[in-house]
Amino acid sequence: MKYWSFADDFGLENLVLKTGDMPKPGPRDVLLEMQAASLNYRDLVVMRGQHGKNIRPPLIPLSDGVGVVIETGPDVTGFEPGDRVSPAFYQHWHGGPPPLDLEAGRLGGPLDGVLATHRVFSAESLVSVPAQLSATEAATLPCAGVTAWSALSEPVPVRPGETVLILGSGGVALLALSLAKASGARTIMTTSSAERAENLRSLGADLVIDRSTTDNWAREVRNATGGEGCDRVLELGGAATLASSIKAVRNGGIIILIGNVTGNNADLFLPLLLTRKLTLQSVSVGSISGFCALNRALALHEIKPVIARTIPFVSAPDAFIALEAQEGFGNICIDSFQA
Ligand SMILES: NC(=O)c1ccc[n+]([C@@H]2O[C@H](COP(=O)([O-])OP(=O)(O)OC[C@H]3O[C@@H](n4cnc5c(N)ncnc54)[C@H](OP(=O)(O)O)[C@@H]3O)[C@@H](O)[C@H]2O)c1
């Protein structure tokens, strides 16, 4: 089998293609022949060595992938050779509140990820892939897809007629747009260019605000909601956007804290929050049961993730470069694992 590894250190120059022995499944494990993977913003942070001291080389990167079962351990029930499955982002979070040792169970750091031709996973951590999706489409689901699902389900699910504001046009944002539309919500999105705005409109966003032409998108959201503000914000921006998200949401509304692309340390004027009965709910991807619920919704509504570009396994470092350059619109994926 072949695998990419940050062998001695992080940094793209240290991502090397290696050859190893074929892994053997234990009694409750499954051996997968990997078919596709998808990159997330987090994979860039890991690649740069900025994800904290618990994630160390050697490491096989990437959390999100799809494979075909080629061998099962003797105690495995529910999967058989030929099944298409995805390993969950959090390998041991099955449902309910996150376990105390949540972070220890993450694929793509600290646990080895999916950028390998073959990998063994515990059968309990696997989820069947929706039949209507290609391998690359399905590969976007374990982190980006499940996060979008959690962001629209917690602490209460989005209801028809509500207005949801989604920041940016990354992997989480695009699937959240489709899911929010399927829930009957009105969607407002912010983005960074006229071209991206047009793409978002063509995917069904009801209102798109181009940040390159407006410096006060919170006011635009309020204007578009009769002065009240939106019901829910999917806060993917972080330090530089949180204050505006607070201004854009209605009294009693919900801000779902997800991302930090603009930084980690937000400076907040607390009276903005304290007088308005807001809910700030953080999301950390989601559980295996959330992953299954997401897949049912995708099948029912025939939702397909947006793929920007697919790069072959042998050229995997190019996928990190493409993500860093924010090339294209949609998820950057990797295929041809078995070529
Ligand atoms: N908490 C969790 O469980 C969880 C799970 C997944 C991801 N995340 C986090 O969510 C964020 C997005 O992840 P992703 O994988 O979807 O990223 P991605 O695919 O790399 O997309 C990032 C997007 O951020 C947007 N952006 C950049 N600057 C922005 C700004 N100033 N304001 C608003 N948006 C901005 C860009 O969209 P435009 O150019 O259209 O603005 C870009 O497409 C990251 O911080 C990631 O770590 C958190």
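Predicted model only: the values in this text are computed from it and were never measured. When a residue number appears, it is its place in the shown sequence, counting from 1.
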Can you establish whether the number of heavy atoms outside [X] located under 6.0 Å from its atom [atom1] is more than 12?
X: D75; atom1: CG; answer: yes
X: R276; atom1: CZ; answer: yes
X: E71; atom1: CD; answer: yes
X: Q132; atom1: CD; answer: yes
X: D101; atom1: CG; answer: yes
X: N251; atom1: CG; answer: yes
X: R219; atom1: CZ; answer: no
X: L274; atom1: CG; answer: yes

Looking only at side-chain N and O atoms, does [Y] offer a donor or acceptor that is under 3.5 Å from a partner on [X]?
X: S284; Y: Y90; result: yes
X: T117; Y: Q338; result: no
X: T72; Y: E80; result: no
X: D29; Y: S122; result: no
X: S192; Y: R211; result: no

For this session: On the 0 to 90° scale, with breaks at 30° and 60°, tag the W4-F313 ring pair as parallel, tilted or perpendicular.
Result: perpendicular

Distance from [X] atom [atom1] to [Y] atom [atom2], nearest 0.5 Å?
X: H118; Y: E33; atom1: NE2; atom2: CD; answer: 4.5 Å
X: T191; Y: R201; atom1: OG1; atom2: CZ; answer: 10.0 Å
X: I256; Y: S245; atom1: CD1; atom2: OG; answer: 11.5 Å
X: L278; Y: R250; atom1: CG; atom2: CZ; answer: 9.5 Å
X: T187; Y: L207; atom1: OG1; atom2: CG; answer: 8.5 Å
X: I332; Y: L39; atom1: CD1; atom2: CG; answer: 7.5 Å

Sub-4.5 Å side-chain heavy-atom contact between [X] and [Y]:
X: V127; Y: N295; result: yes
X: F320; Y: P61; result: yes
X: I334; Y: L115; result: yes
X: L234; Y: L165; result: no
X: L200; Y: L174; result: yes
X: I254; Y: V156; result: yes
X: L175; Y: L294; result: yes
X: C333; Y: I311; result: no

So, [X] and [Y], do they make that salt bridge, N to O below 4.0 Å?
X: D112; Y: R119; result: no
X: E162; Y: R186; result: no
X: E137; Y: K304; result: yes
X: E324; Y: R48; result: yes

Backbone N or O of [Y] within a donor-acceptor pair of the [X] side chain at under 3.5 Å?
X: S150; Y: V285; answer: yes
X: N40; Y: R42; answer: no
X: K2; Y: A116; answer: no
X: T275; Y: P271; answer: yes
X: D64; Y: C143; answer: yes
X: S287; Y: G290; answer: yes
X: S128; Y: V85; answer: no
X: T163; Y: C230; answer: no
X: R84; Y: P130; answer: yes
X: S336; Y: A339; answer: no

What heavy-atom pair brings [X] and [Y] nearest, and what distance separates the two atoms?
X: P305; Y: N331; answer: CB-ND2, 4.4 Å
X: F10; Y: P57; answer: CE1-CD, 3.5 Å
X: Q91; Y: I288; answer: O-CD1, 3.9 Å
X: M189; Y: G168; answer: CE-O, 3.4 Å
X: Q35; Y: A135; answer: OE1-CB, 3.6 Å
X: T279; Y: P155; answer: CG2-CG, 4.1 Å

[X] and [Y]: same hydrophobic cluster, using ILVMFWY side-chain contacts below 4.5 Å?
X: I258; Y: F291; value: yes
X: F121; Y: L102; value: no
X: L242; Y: Y41; value: no
X: W149; Y: V129; value: no
X: V146; Y: L179; value: yes

For this session: Take V164 and I188, measure what side chain to side chain contact (heavy atoms under 4.5 Å, CB included) needs, and give me the verdict at the end.
Result: CA-CA 6 Å; V164 178; I188 303 180; over 6 Å; no

For this session: Could you please spell out the steps behind the salt bridge (charged side-chain N to carboxylate O under 4.0 Å, His left out) verdict for E228 and R222?
Result: CA-CA 6 Å; E228 274 196 28; R222 285 198 162 262; over 6 Å; no

Exercise. Hey, mind stepping through L12 and I321 against side chain to side chain contact (heavy atoms under 4.5 Å, CB included) and telling me if it holds?
Worked result: CA-CA 9 Å; L12 212 45; I321 294 168; 3.5 Å; yes

For this session: Using the side chain to side chain contact (heavy atoms under 4.5 Å, CB included) rule, take F89 and L141 through it: C-alpha gap first, then chi angles, then the decisive distance, then the call.
Result: CA-CA 9 Å; F89 180 83; L141 300 178; over 6 Å; no

For this session: Please test D335 against T310 for side chain to side chain donor-acceptor pair (under 3.5 Å), starting from the C-alpha separation and ending with a verdict.
Result: CA-CA 7 Å; D335 70 356; T310 304; 5.1 Å; no

For this session: Output, in order, the C-alpha distance, side-chain angles, deciding distance and verdict of side chain to side chain contact (heavy atoms under 4.5 Å, CB included) for V306 and L203.
Result: CA-CA 10 Å; V306 181; L203 285 177; 3.9 Å; yes

